> 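Let me begin by handing over the structure; questions about it come next.
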Amino acid sequence: MKQDMIVILDLGSTENTVLARQIRDLGVYSEIHPHDITVEELKALENVKGVILNGGVNRVVDGKEVEICPELYDLGYPMISVDYPASRCEEQFAALPDEEVLKDFIFGKCQAEANWNMKNFIEDQVELIRRQVSDKKVLLALSGGVDSSVVAALLIKAIGQQLVCVHVNHGLMRKNESESVVKVFQDELHANLIYVDAVERFLGKLENVADPEQKRKIIGGEFIRVFEEEARKLEGIEFLGQGTIYPDIIESGTKTAKMVKSHHNVGGLPEDLKFELVEPLKQLFKDEVRACGVELGLPYEMVYRQPFPGPGLGVRCLGAITRDRLEAVRESDAILREEFAKAGLDKKVWQYFTVVPDFKSVGVKNNERVFEYMVIVRAINTVDAMTASVEKVDWDVLECVTERILAEVPNVNRVCYDMSPKPPATIEFE
Ligand code: XMP
C-alpha cells in the first residue's frame with residue numbers, strides 16, 4: 001500500500017471528521033475507528049504511523065463511558081490524546097491541536113509522509129479491489145449519480161469486464177441523462193453495461209398516485225424489484241458494488257452502529273440474494289469522491305453535477321404524474337440548466353431545478369384563452385441541505401429562462417420563482 005495513515009480513535013468526540021479532514025489537508029491519510037477496536041484489528045490496518053485518541057466532553061458513546069483496550073498502548077505507535085486523560089500517551093491536549101502541533105506529531109514523531117493523493121488512492125484501491133474480488137464478478141447499480149459513477153469507473157479500472165453495471169431508466173431521469181450514462185460507460189469506458197428500459201413499468205405503477213410518500217415508496221420499491229430481476233438473470237455474481245461514502249459510516253463510535261449503517265446501504269435486496277459488498281469509496285468525503293472521478297477521467301458534468309433526488313423528476317411533477325407534465329418538468333429543467341451554465345451560475349448555485357404543479361391557470365396565447373400549466377423555478381444555496389437560502393438570481397437570467405420556457409415548453413403559460421427558504425419550505429416540493 002502506498003499511503004501512510006494516522007488513525008483517529010473515536011472516544012466520544014464530535015470533531016472526529018474535523019480532525020480527519022485537517023490531517024488529510026496536510027496530505028496524510030487519516031481514518032476514524034471506533035473506540036472498541038481490538039489490538040488485532042489495529043494491527044491489521046496497513047501503514048499506520050500514529051494514533052490520536054479523540055475524546056469529547058463526556059467521553060460517552062451510546063450512553064457508556066468509553067475506555068480503550070490498554071494493550072493498544074503496547075503496540076508502539078506514537079500516540080497523543082485530545083480531551084481524554086491518557087497518561088501513557090506522549091502528549092495530552094485539552095482541545096484539537098493547532099496545525100503546527102499536528103504537523104510536529106504527524107511528520108516529526110510519526111515520520112509519516114505526505115503521500116495522500118488521488119493517484120495513490122486509486123492505485124491502492126485497485127490493488128485492494130483485486131485482492132477482494134479475485135476472478136469473481138461484481139454487480140453495480142449505476143444511476144449516473146456522482147457516487148455510483150465514480151465507483152463504476154474505479155471498478156472498471158480494477159477488474160474490467162468482471163464488473164456488470166445495471167442502469168435502470170425509470171423515466172424520471174433528466175433530459176439525456178440515461179443516454180449520457182450509456183455513452184460514457186458503454187461507448188467510452190467499454191463497461192459491461194445492462195441498460196434496462198423500465199419507463200412504462202414505472203409510469204404505470206405511478207398512475208393516479210398523488211401522495212408524495214406513496215410515490216417515493218413506489219419508485220424506491222420498484223427500483224429494487226427491477227434490479228433484483230436483472231441480478232437473478234445473471235450467473236456467478238458474488239459481489240455488490242456500492243457508492244457508500246465516508247459521511248455514511250462515521251456517525252457513531254461503536255462497531256455495532258457502524259454495521260447497522262453499512263447494512264442499511266445494501267438497499268433492501270432480498271435475503272437470498274447474498275452478496276459481499278465492495279465499497280471502495282467508503283473512506284472518502286464528497287469532494288474527494290469528485291476529485292477521484294476527475295482523476296479517473298470522468299466528464300466534469302458527471303462529477304460536479306448538482307444533487308438529484310433518488311426518485312428523480314417524480315417528486316418535481318407534483319401530485320399524480322402525467323406524461324405531459326413530466327415532459328414539461330424535463331424540458332424546463334434542461335432549459336434552466338442551459339441558461340444557468342451560460343450565466344456561470346452552475347458553478348455558484350448549489351441546487352436549481354423546475355417543478356410543475358398539478359393545476360392549470362388561465363392565460364392568453366395568439367389572442368385566445370388558454371388553460372395551461374405553470375413552471376416554478378427554484379434555486380437555492382446550502383451547506384448541508386438542512387437549511388437553505390434562496391439564490392438572488394439576476395433578473396436578466398430569470399427573464400431569459402422565462403421567455404424560453406414559455407416559447408419552447410408545450411402546455412405551459414406561466415413561470416414563477418420560488419422565494420421560500422428552508423425552513424419552513426423543504427428544498428424539494430414532495
Ligand atoms: P429536502 O427536500 O428534504 O431535500 O429539503 C434535501 C436534499 O436532499 C435531496 N433529496 C434526496 N436525495 N434521495 C436523495 O438521494 C431522495 O429521495 C431525496 N429527496 C430529497 C434534495 O434534492 C435536496 O438536495
Side-chain angles (χ1 to χ4, degrees), residues 140-152 167-174 177 181 202 205-206 209 211-227 242-249 251 261-262 264-268 279 281-282 284-287 289-290 293 302-319 321 326 329-330 332-334 336-337 340 345-357 376-391 418-430:
L140 177 76
L142 177 58
S143 67
V146 181
D147 303 341
S148 74
S149 297
V150 177
V151 173
H167 175 71
V168 179
N169 180 1
H170 50 29
L172 306 167
M173 312 283 282
R174 288 177 288 197
E177 203 163 20
V181 170
F202 274 83
K205 290 263 172 200
L206 287 164
V209 181
D211 177 61
E213 280 312 300
Q214 192 70 19
K215 283 166 71 180
R216 279 175 173 272
K217 276 202 194 109
I218 290 173
I219 298 166
E222 205 55 21
F223 183 86
I224 300 286
R225 272 189 290 282
V226 173
F227 187 68
Q242 290 261 309
T244 316
I245 70 170
Y246 214 23
D248 298 334
I249 59 165
E251 248 87 84
K261 285 249 165 190
S262 66
H264 187 75
N265 277 321
V266 178
E279 301 174 291
L281 307 181
K282 70 168 188 253
L284 297 188
F285 294 103
K286 194 77 183 188
D287 55 316
V289 173
R290 295 189 208 276
M302 190 167 256
V303 168
Y304 281 93
R305 63 181 226 155
Q306 49 169 323
F308 188 58
L313 301 181
V315 292
R316 297 177 181 170
C317 182
L318 306 186
I321 295 170
L326 183 57
V329 179
R330 202 181 333 260
S332 56
D333 171 76
L336 182 71
R337 284 189 289 133
F340 265 42
L345 291 175
D346 56 334
K347 296 189 180 66
K348 180 174 169 251
V349 181
W350 200 81
Q351 199 172 9
Y352 45 97
F353 54 89
T354 61
V355 169
V356 176
I376 300 172
V377 174
R378 184 144 174 77
I380 58 95
N381 288 305
T382 177
V383 175
D384 54 9
M386 301 299 284
T387 62
S389 60
V390 177
E391 169 73 14
D418 184 355
M419 295 292 291
S420 331
K422 175 180 180 177
T426 49
I427 296 174
E428 301 290 345
F429 277 51
E430 290 191 334

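The basis for the numbers below is simple: all heavy atoms, side chains too, and nothing from hydrogens, waters or symmetry mates. Order of listing sets the numbers, starting from 1, for every ligand and every atom in it. It should be emphasised that the depicted structure is a prediction, and the values quoted were computed from it without experimental measurement.
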> Do ligand 1 and R316 have nitrogen or oxygen atoms that lie under 3.5 Å from each other?
no

> Closer than 4.0 Å to some heavy atom of T426 - which atoms of ligand 1 meet that?
1 (P), 2 (O), 5 (O)

> Could you tell me which residues satisfy side-chain hydrogen bond (donor to acceptor under 3.5 Å, both in side chains) with S389, sequence neighbours excluded, listed by chain and number?
none

> Under 4.0 Å from a heavy atom of P311: give me the atoms of ligand 1 that qualify, with their elements.
16 (C), 17 (O)

> If we count only non-hydrogen protein atoms and require a distance under 4.0 Å, does atom 9 (C) of ligand 1 qualify as touching the protein?
no

> Please give me the minimum heavy-atom distance between P247 and L284, naming the atom from each residue.
CD-O, 3.8 Å

> Quick one: nearest non-hydrogen protein atom to atom 12 (N) of ligand 1, plus distance?
P309 CA, 3.6 Å

> What residue and atom, counting heavy atoms only, is the protein's closest point to atom 23 (C) of ligand 1, and at what distance?
Q351 OE1, 3.4 Å

> Which heavy atom of G319 sits nearest to which heavy atom of K215, and what is that distance?
O-NZ, 2.7 Å

> Could you walk me through whether E177 and R330 pass the salt bridge (charged side-chain N to carboxylate O under 4.0 Å, His left out) test, one step at a time?
CA-CA 11 Å; E177 203 163 20; R330 202 181 333 260; over 6 Å; no

> Among protein heavy atoms, which lies nearest atom 22 (O) of ligand 1, and at what distance?
E428 OE2, 2.6 Å

> Should the pair R316 and F353 be classed as cation-pi, given the thresholds of under 6.0 Å to the six-membered ring centre and 45° from the axis?
yes

> Taking atom CG of D248 and atom CD of Q242, what is their separation to the nearest 0.5 Å?
9.5 Å

> Considering G310, P423, P307 one by one, which has a heavy atom nearer to atom 16 (C) of ligand 1 than any of the others?
G310

> Which residue and atom name correspond to the protein heavy atom nearest atom 7 (C) of ligand 1, and how close is it?
A385 CB, 3.9 Å

> In Å, rounded to the nearest 0.5 Å, how long is the span from CD1 of I219 to CD1 of I224?
13.0 Å

> Within the structure, is a non-hydrogen atom of W350 found at a distance of less than 4.0 Å from ligand 1?
yes

> Please confirm whether R216 approaches ligand 1 to less than 4.0 Å, judged on its heavy atoms.
yes

> Can you name the side-chain contact (heavy atoms from CB on, under 4.5 Å) partners of A379, sequence neighbours left out?
F340, V349, Y352, E391, V393, Y417

> For ligand 1, which atoms have a heavy atom of K422 less than 4.0 angstrom away?
1 (P), 3 (O), 5 (O)

> Can you report which non-hydrogen protein atom sits closest to atom 4 (O) of ligand 1, along with the distance?
I427 CB, 3.8 Å

> Count the heavy atoms of every other residue, nucleotide or ligand shown that sit under 6.0 Å from NZ of K205, and state whether that count exceeds 12.
no

